[in-house]
Amino acid sequence: MVRTVRTVLTTHEKVPNGLRHAPGSLGPGHLPHRPGLDAAPAVLIAHLANATRRLRLGAGGVLLPNHAPLVVAEQFGTLAALHPGRIDLGIGRAPGGSKAASAALRPQRTKDFGVQLDELREFLNPPEDAEVKAIFVLGGNIPELWLLGRFPESATLAAERGIKYAFAHHLAPDAPVKADLVSVSVIAAEDDERAEWLAGSTRLKVLSRLRGNRVRLPSPEEAAAFPYTADDRAEIAKRSGAVLTGSPETLIPKLQRILDETGTAEIMVTTPLFHHADRRRSYELLASLPGRLTARSNRSASSRA
């Protein structure tokens, strides 16, 4: 709940032009060590859309294996009707969470993801003779559809279906693929040293998961005081590329490289910081960067925070 409140607070603060907001993903919200924010994206997006006027909002994303496509189409069709031109629907193919959580969400899952995706697309744009229709998408209330992923198979599926593809760089930093949007984990601070210190929180969390101990995001103070072994530090160093850290000047070439490798014109930023003030400050620093980055397409580079 605390994370949800902080997200809502962020939307009330001044957001520079070019930034959009994409709250959470669905599956992890059902894990005991990651409560609250991610469990009901449609509900949270509705709340944030009512609290703002110009931010574009989207799910990053709804994990379709856990949901009936018709329900997803009706939820986001309703959001698109209430907030025209402001709603994105990001779809993920992983079940997310534990087997028990997935089973509780949708006990009977027998359809292939590609079949589910096609069903969702048809519900969002039904033919005249469709036997079942998602009522609220009728009349053009259709959210922009994205497929999220980190493997080439997802990129191929998106291309085959003519859907925009969002690549999860923060999950697969060493395997960039061409994408319409790239999700990047970024921590900005006034100087490189503080940015790396703040990143200690997420680095310790990842290390703990690798060691079989799932924990909530620790504070940077807790991370700094942790008794790391030499093996721990080596593991952290090996995975350091998953989170980009530094001052704005340091981050420019790192982000530019991602734009060049993926051909994207849009970066979605996730900032795994413990303190809300640090996360907000990171976004403020990042907001100055889009005009200093060069996208390969004709669109200017922007960020989703």
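Counting from 1, the numbers follow the sequence of the chain as shown.
- To the nearest 0.5 Å, atom CZ of residue F274 and atom CD of residue E222 are 6.0 Å apart.
- Salt-bridge check for D118 with R121: passed, with a basic side-chain N closer than 4.0 Å to an acidic carboxylate O.
- Scored by the side chain to side chain contact (heavy atoms under 4.5 Å, CB included) test, S288 finds no partners at all (sequence neighbours excluded).
- In this structure, the separation between OG1 on T264 and NZ on K164 is 10.0 Å, given to the nearest 0.5 Å.
- Here the CD-CZ distance, from E153 to R93, works out to 7.0 Å after rounding to the nearest 0.5 Å.
- With sequence neighbours excluded, the residues that form a side-chain hydrogen bond (donor to acceptor under 3.5 Å, both in side chains) with D192 are S247, T250.
- Legend: residues meeting ring-ring contact (aromatic ring centres under 6.0 Å, His included) with F151, ordered by chain and number and at least two apart, are absent.
- Residues L55 and R86 come closest through the heavy atom pair O-NE, 2.8 Å.
- Between K238 and D174 there is no salt bridge, since no side-chain N of the basic residue sits under 4.0 Å from a carboxylate O of the acidic one.
- The side-chain heavy atoms of Q75 and V71, taken from C-beta on, include a pair separated by under 4.5 Å.
- Between the CG atom in L57 and the CG atom in N50 there is a gap of 10.0 Å [rounded to 0.5 Å].
- Between the CZ atom in F226 and the OG atom in S201 there is a gap of 13.0 Å [rounded to 0.5 Å].
- Salt bridge status for E261 with K178: absent, with no side-chain N to carboxylate O gap under 4.0 Å.
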